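Here is how names work: the chains are called A, B, and so on, in the same order as the sequence lines, proteins then strands, and each is numbered from 1. Please read all numbers here as calculations on a predicted model, not as lab measurements. Both backbone and side-chain heavy atoms feed into the values below; hydrogens, waters and symmetry mates do not.
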There are 2 protein chains.
Amino acid sequence: MSASNLTVTLGDVAAAAGVSVSTASRALNGNAKACRISATTADRVREHARRLGFRPNLLARSLQSRRSGLLGVVVPDVANPFFAAIAKEVTRGAEEAGRSVLLADSGECNEREVTLVAELQARRVEGLVVCPVGVDSTHLEAANAAGTPVVVVDRGFRDGSLPTVTSDHRGGAERLIEHLLELGHRTIGIVQGRPGTLPNDDRLRAARDALAAVGVSIDDVPVAGNGFTERSGYESAARLLADRPDVTALFAFSTPNAFGALRAAAEAGRSVPNDLALVCFDDVPHGEFLRVPLTAVAQDVRRLGQTAAEVMAERLETGRPPRRRRYTVPVRFIARASSGGPLPGAEPRSRRRSSRESLAAGAPR
Amino acid sequence: MSASNLTVTLGDVAAAAGVSVSTASRALNGNAKACRISATTADRVREHARRLGFRPNLLARSLQSRRSGLLGVVVPDVANPFFAAIAKEVTRGAEEAGRSVLLADSGECNEREVTLVAELQARRVEGLVVCPVGVDSTHLEAANAAGTPVVVVDRGFRDGSLPTVTSDHRGGAERLIEHLLELGHRTIGIVQGRPGTLPNDDRLRAARDALAAVGVSIDDVPVAGNGFTERSGYESAARLLADRPDVTALFAFSTPNAFGALRAAAEAGRSVPNDLALVCFDDVPHGEFLRVPLTAVAQDVRRLGQTAAEVMAERLETGRPPRRRRYTVPVRFIARASSGGPLPGAEPRSRRRSSRESLAAGAPR
DNA sequence: CCATGTTGCTCAAACGTTTGCACAAGGCCC
DNA sequence: GGGCCTTGTGCAAACGTTTGAGCAACATGG
């Protein structure tokens with residue numbers, strides 16, 4: 001009998017209860033006391049609302065209150081577990097604050113991202129959490145300037161004013177290179193992701209710096225790759241291994257990159273880790289069940305999402321600009337089998353700093 | 001100069017152009033011709049709109065047109081790649097139809113699902129695509145009856161009227177059991193997911209039927225498990241292996257279940273596939289790189305999502321009830337190493353029907 | 001018995017659009 | 001030169017809420 005009926009309006013409830021619309025509104029919105037609605041009237045209104053299955057129209061409410069209760073989330077690929085996890089945490093945060101999430105998928109296309117952001121603005125989202133494609137930020141800067149707070153996650157922009165949440169790309173890359181150096185590697189091929197994006201370039205720079213610190217010239221660091229995909233990983237690793245047969249280790253910038261490299265290595269007749277060490281940025285779920293468990297640096301995806309949600313929440317609640325411009329989430333180094341043991345004939349380097357290591361290859365947790 | 005400004009209203013544009021709001025509205029909405037707005041006026045209005053950075057307020061538009069342009073999507077866990085993929089395809093479909101997606105995460109909690117559906121209805125979504133927790137469907141039936149078309153994906157309900165898109169759970173389970181039977185297995189332990197859900201129960205029934213067809217009594221089919229999680233897989237497999245040392249094969253109902261079973265097997269001192277065969281429903285990405293590549297039945301997740309999107313699109317476009325009540329998406333059987341070779345001493349059964357097999361273990365694609 | 005305060009409610013404007021209808025001006029026909 | 005169609009535009013209502021201001025009725029205090 002009290003099945004919800006979306007066509008019942010506040011007016012209908014008011015009429016049924018024999019009061020005016022305004023009284024009905026106040027009675028239902030809890031602040032009955034403050035608005036001096038008698039308890040009996042309030043009860044009567046509520047009773048009729050229930051009976052008619054009244055559902056307030058949030059569109060109307062939003063229009064009137066100028067608060068849509070909507071948060072826009074834009075990611076390059078929802079199906080990618082990385083972004084899915086971020087979306088999840090942001091959604092959770094938004095819902096805690098009573099907001100709903102409008103999710104959009106840019107498909108790694110900057111133009112689409114621009115369109116989507118405009119669309120979300122048109123829907124009057126109160127804020128935007130964006131994992132940008134990373135090419136251009138003018139639309140995001142514009143939205144931010146126009147009063148829609150923007151928080152950027154993962155891929156950021158070197159300059160500009162947008163608060164940005166990222167993993168510690170530099171620290172992670174440095175850690176992996178140091179690991180390889182300790183094992184005696186000096187000629188390390190880099191299977192990079194999408195050049196020009198902040199995560200990629202930060203990792204690349206950190207890797208080069210770490211190598212330069214032990215005297216490896218920048219020209220002795222072969223680099224290839226043009227995307228975070230398996231295909232790019234495969235092609236660039238194949239090229240790298242063909243051009244520079246002297247590389248003893250590969251550093252892949254993503255797990256798909258690493259899987260591609262793994263295939264390329266197999267086809268080049270180099271077995272991992274015996275003939276070639278492999279490390280990668282980003283961990284793979286169930287990594288311990290892989291034939292060659294991958295030494296990796298794991299990003300704390302949930303914390304990335306949570307941090308973004310928090311930064312956004314604070315901006316929305318206080319109305320202030322964000323405290324900081326950059327929020328860096330630590331990564332976790334996990335040594336597994338793919339990096340192998342020390343190179344024969346290499347004197348192991350001493351570690352410069354300590355760091356909590358994780359379990360070894362394939363150990364059940 | 002033409003930076004978008006969300007506070008600029010149609011009224012401002014009209015005033016700037018020296019026309020009435022209605023004229024401005026008609027000029028901007030393209031139907032200028034049909035509404036007999038002169039070309040010069042239309043241009044002038046557009047020019048001023050551009051200059052002022054006018055962005056129509058979609059909330060107002062939605063309210064007036066009674067079409068929110070919103071589609072609600074509810075899944076139990078966005079971070080799960082399976083649901084993320086579904087969300088992606090549905091999002092894509094919605095955007096093609098000019099709608100945006102409101103995404104909600106029920107966290108496998110039925111109560112939460114109920115709340116979320118209500119919330120989405122309050123926002124006047126035009127349709128709901130739901131991967132339900134699967135316990136109860138009254139709220140979904142109610143929404144559907146109240147005029148918000150509902151399409152159910154993955155977990156459905158045995159009765160009721162909601163159009164439902166699922167994988168061919170029965171066919172997949174049957175195929176895996178037949179595979180094991182061919183290899184000579186007769187005592188097959190079932191590591192099930194969440195009992196009571198349609199995918200689980202369909203798979204279970206099909207498995208039992210397939211076994212019964214070759215004379216294995218239902219009492220000789222050990223079953224354990226209470227969730228699609230790794231933990232449940234681990235615990236139930238451990239129990240199964242302890243209680244019934246005679247099982248020669250396990251059928252896990254999800255990849256997490258399978259990983260759990262793998263750990264349990266290792267701890268029980270049984271190596272896969274030599275001492276124990278293992279097959280599972282659901283494929284794992286990069287399955288060929290696993291130490292023990294898993295024989296599996298892969299769901300076509302994208303097609304699940306696409307089908308849901310299509311069914312919803314047709315319902316929304318035509319306004320008709322769905323053509324069918326059940327849409328079944330075929331699965332793909334993939335033989336890999338985890339099911340091992342024929343049992344020693346077993347006469348291999350002949351296949352009853354043919355089916356396209358996929359590549360063998362670990363083959364590069 | 002009048003000023004004052006409190007209680008309980010209604011009126012009406014506003015949020016930013018869309019859209020049916022009316023209306024003025026001009027051209028055309030007879 | 002009056003009727004009529006066409007063209008271009010404006011008025012005002014509507015969508016379903018919220019909310020400030022106003023107004024009776026009644027109690028209170030002097």
Could you list all N or O pairs between the protein and nucleotides 15-21 of chain C that sit under 3.5 Å apart?
unit_1, atom_1, unit_2, atom_2, d
C:dC15, O2, A:Q64, N, 3.4
C:dT17, OP1, B:N57, N, 3.2
C:dT17, OP2, B:L10, N, 2.6
C:dT18, OP1, B:N29, ND2, 2.9
C:dT18, OP1, B:R61, NH1, 2.4
C:dT18, OP2, B:S25, OG, 2.5
C:dT18, OP2, B:N29, ND2, 3.2
C:dG20, O6, B:R26, NH2, 2.7

In chain order, what residues pass the side-chain contact (heavy atoms from CB on, under 4.5 Å) check against B:A87, with sequence neighbours excluded?
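B:A87: side-chain contact (heavy atoms from CB on, under 4.5 Å) contacts with B:L103.
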At what angle, to 10 degrees, do the two end axes of the helix from C:dC1-D:dG30 to C:dC30-D:dG1 meet, given five pairs define each axis?
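For the helix from C:dC1-D:dG30 to C:dC30-D:dG1, the axes at either end differ by 60°.
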Scan the side chains in residues 126-137 of chain A for donor-acceptor partners under 3.5 Å anywhere in the protein, sequence neighbours excluded, and list what turns up.
unit_1, atom_1, unit_2, atom_2, d
A:E126, OE1, A:R67, NH2, 3.4
A:E126, OE1, A:R99, NH1, 2.6
A:E126, OE2, A:S68, N, 3.1
A:E126, OE2, A:G69, N, 2.5
A:D136, OD2, A:T138, OG1, 2.8

State plainly whether the residues A:R320 and A:E314 are in salt-bridge range, i.e. N to O under 4.0 Å.
no
Is it true that B:R123 and B:E119 have a side-chain N and a carboxylate O under 4.0 angstrom from each other?
yes
With a cut-off of 3.5 Å and sequence neighbours excluded, list every side-chain donor-acceptor pair involving residues 9-19 of chain B.
unit_1, atom_1, unit_2, atom_2, d
B:T9, OG1, B:G11, N, 2.9
B:T9, OG1, B:D12, N, 3.4
B:D12, OD2, B:T9, N, 3.0

Would you mind listing every salt bridge (charged side-chain N to carboxylate O under 4.0 Å, His left out) that reaches into residues 82-91 of chain A, with sequence neighbours excluded?
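The answer is A:K88-B:D77, A:K88-B:D105, A:E89-A:R92, A:E89-A:R302.
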Rounded interatomic separation in angstrom, taking CD1 from B:I37 and P from D:dT7
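Answer to the nearest Å: 13 Å.
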Just call it for A:S62: base, sugar-phosphate, or nothing, with non-hydrogen atoms closer than 4.0 Å on any strand.
nothing
Think B:R324 forms a cation-pi with B:Y327, using NZ or CZ under 6.0 Å from the six-ring centre and within 45 degrees of its axis?
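Yes; both conditions hold, so B:R324 lies above the ring face of B:Y327.
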Once you round to the nearest 0.5 Å, how far does CG of B:L59 lie from CG of A:L63?
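Answer rounded to 0.5 Å: 6.5 Å.
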